[in-house]
Amino acid sequence: MREFEQVIDRKNTRSVKWGNISAVYGLEDASDVLPMWIADMDFKAPEPVIEAMRERLDHGIFGYSYICSACKDAVRNWLSERHGWETKNEWMLFHHGVVPAIATVVETFTNEGDNILITSPVYPPFFNVPGHQQRNIVECRMIEEKGKYSIDFEEFERCLKKDVKLFILCNPHNPAGIVWSNEELKQMLELCNKYNVLVLSDEIHADLVLPGSVHTPLAKVAEEIGGRVITCVAPTKTFNLAGVQAAIMIAKDEDLREALQKNALSHGQMDLNAFASSALVAAYEEGGPWLNKLLEIISSNMDYVIDKLHEAVPKIHIRKPEATYLLWIDYRNTGLSEQEMMDKLLKKGKLALEPGSKYGEAGKGFLRMNIAAPRSVVEDGVERFITAMNS
């Protein structure tokens, strides 16, 4: 586990997480602020991935690259072995990230003024990307009880009746860390089928399911009951490769793929760069053992943070998530407003977490905390949180 104990200085590396805090939080000087906000890890990528990119670098020629069969084989084998989902190479289209893929799907299958359904609180691009394309967001707020979320299916159906064209599902869910059950996914898909709604399933966190839970790809459910589903997966969140930029859109329906390919041609979109494809193959072919260790670290870090903060700040509540490396902290019982809480954290604790309102109105009263870091960094973050709350 030594590779997960090393503290690496990420300052002055153009890291959004470490170098852009002042701009994001409006601080004059953020040099002493610990960032535990944006979802990238403070761990090195697996050594086989680093070696694959090093080998590509040493080759010295970086011309145009294409997606070879080995890239698709690596994805297909990973999905089969890790999630029991049998796909075919021809179902895959590659993109430069899941968020750009979401934008592509929105643009391809909806028009300006169309309604798009999301379940909030949820990852901000689910709001922002359709909004920037002049689509209307139909928001189905989830039921929340002590940090546990579920779908209000009566409300979900009422929303679908508003002539919704696309439902964007977060599976597993960010920021709440929900691993949807097969029954929940089935009910969502049945209702979308009933109203002829296309589903985009963002499954970027699928590999980050903690022990005791099992991820179900929505497309597997569609094989049983039908439905039009486009799935987005990526090695980037799993193996800390966000800056390498690689994602895969998977669609069984040929007409969906053809429409996506036409969109790509209209934008002059090219295949993954040489480093991204090398990293992708190495990650999916050789990254399994590293990921297994990572999941143990994440689970242990979560237990540590939850125990310490519940003891030191009894008015907050944290439910251990089933997936992701993100904690969703409920501080509503403190009586603090979001502004007051953020001021305490940033000015007294020197700690940067994400405010819940970033995930929609349903996120108010919560904070998102990234614990994918060496234990010493996590301990520092906990102490800063306690200092802020005792100030």
Side-chain angles (χ1 to χ4, degrees), residues 1-11 13 15-19 21 30-50 147 172 174-177 205 207-213 236-243 283 287-314 316-331 345-346 348-354 366-390:
M1 299 285 188
R2 188 172 300 171
E3 60 203 299
F4 297 105
E5 297 171 1
Q6 183 183 6
V7 177
I8 301 168
D9 185 359
R10 297 182 62 189
K11 293 181 179 178
T13 63
S15 163
V16 170
K17 181 178 182 180
W18 285 86
I21 309 173
S31 59
D32 56 351
V33 174
L34 177 66
M36 301 182 79
W37 62 292
I38 198 169
D40 76 15
M41 297 186 271
D42 289 322
F43 301 127
K44 279 188 177 181
E47 188 57 38
V49 175
I50 297 171
N174 171 19
H205 289 280
D207 299 324
L208 296 168
V209 171
L210 300 179
S213 297
T236 49
K237 200 67 65 179
T238 307
F239 299 103
N240 205 26
L241 299 169
W290 181 93
L291 176 58
N292 293 337
K293 294 176 185 176
L294 171 71
L295 293 175
E296 292 179 27
I297 296 294
I298 290 172
S299 182
S300 176
N301 280 354
M302 285 181 171
D303 290 338
Y304 173 83
V305 175
I306 292 169
D307 289 345
K308 289 291 185 180
L309 291 186
H310 278 173
E311 179 182 359
V313 192
I316 69 162
H317 178 263
I318 312 170
R319 179 181 178 271
K320 186 175 182 179
E322 298 154 340
T324 78
Y325 47 76
L326 307 163
L327 290 177
W328 191 232
I329 301 172
D330 181 355
Y331 65 88
L345 291 172
L346 289 166
K348 303 296 183 180
K350 302 297 182 180
L351 177 66
L353 305 185
E354 287 204 313
F366 291 82
L367 299 160
R368 196 185 77 162
M369 182 181 198
N370 175 357
I371 54 78
R375 176 58 67 87
S376 60
V377 175
V378 173
E379 290 174 354
D380 184 15
V382 167
E383 290 305 312
R384 289 168 185 251
F385 192 107
I386 295 170
T387 296
M389 297 307 294
N390 288 339

Interatomic distance, [X] atom [atom1] to [Y] atom [atom2] [nearest 0.5 angstrom]:
| X | Y | atom1 | atom2 | value |
| --- | --- | --- | --- | --- |
| Leu295 | Ser300 | CG | OG | 12.5 Å |
| His317 | Leu309 | NE2 | CG | 12.5 Å |
| Leu210 | Leu208 | CG | CG | 8.0 Å |

Minimum heavy-atom separation for [X] and [Y], please, with both atom names.
| X | Y | result |
| --- | --- | --- |
| Leu241 | Ala45 | CD2-CB, 3.9 Å |
| Pro321 | Gly177 | CB-CA, 3.7 Å |
| Pro172 | Val209 | CG-CG2, 4.0 Å |
| Ser376 | Val7 | OG-CG2, 3.4 Å |
| Ile38 | Lys17 | CG2-CB, 3.4 Å |
| Met41 | Ala372 | CG-CB, 3.3 Å |

Is the backbone of [Y] close enough, under 3.5 Å, to the side chain of [X] for a donor and an acceptor to pair up by distance?
| X | Y | value |
| --- | --- | --- |
| Lys350 | Arg384 | no |
| Asn301 | Ala373 | yes |
| Tyr325 | Ala39 | yes |
| Lys320 | Leu327 | no |
| Asn370 | Asp40 | yes |
| Thr13 | Arg10 | yes |

Between [Y] and [X], is there a side-chain heavy-atom distance shorter than 4.5 Å?
| X | Y | value |
| --- | --- | --- |
| Trp37 | Val16 | yes |
| Leu351 | Glu383 | no |
| Asp330 | Ile316 | no |
| Asp42 | Pro374 | yes |
| Ile318 | His310 | yes |
| Tyr304 | Glu379 | yes |
| Val305 | Phe385 | no |
| Asn174 | Arg368 | yes |

| message | Can you confirm whether Lys308 is buried at NZ, in the sense that more than 12 heavy atoms of other residues, nucleotides or ligands lie under 6.0 Å from that atom? | response |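 No, because the 6.0 Å sphere around NZ of Lys308 holds 12 heavy atoms or fewer from other groups.
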
| Stepwise side-chain contact (heavy atoms from CB on, under 4.5 Å) test for Lys44 and Ile8 | CA-CA 8 Å; Lys44 279 188 177 181; Ile8 301 168; 3.3 Å; yes

| Can you list the steps and then say if Leu326 with Met302 is a side-chain contact (heavy atoms from CB on, under 4.5 Å)? | CA-CA 8 Å; Leu326 307 163; Met302 285 181 171; 5.9 Å; no

| field | Test item: side-chain donor near acceptor, Lys237 and Thr324, under 3.5 Å | value |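 Their side chains do not contain a donor-acceptor pair, so the 3.5 Å distance test is not met.
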
| field | Trp290 and Phe43 aromatic centres sub-6.0 Å | value |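 Not under 6.0 Å, so no.
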
| Do Leu367 and Leu345 pass the side-chain contact (heavy atoms from CB on, under 4.5 Å) test, and can you show the C-alpha distance, the side-chain angles, and the key distance before you say yes or no? | CA-CA 11 Å; Leu367 299 160; Leu345 291 172; 3.8 Å; yes

| message | Arg375 vs Glu5, test: side-chain contact (heavy atoms from CB on, under 4.5 Å). Steps then yes/no. | response | CA-CA 7 Å; Arg375 176 58 67 87; Glu5 297 171 1; over 6 Å; no

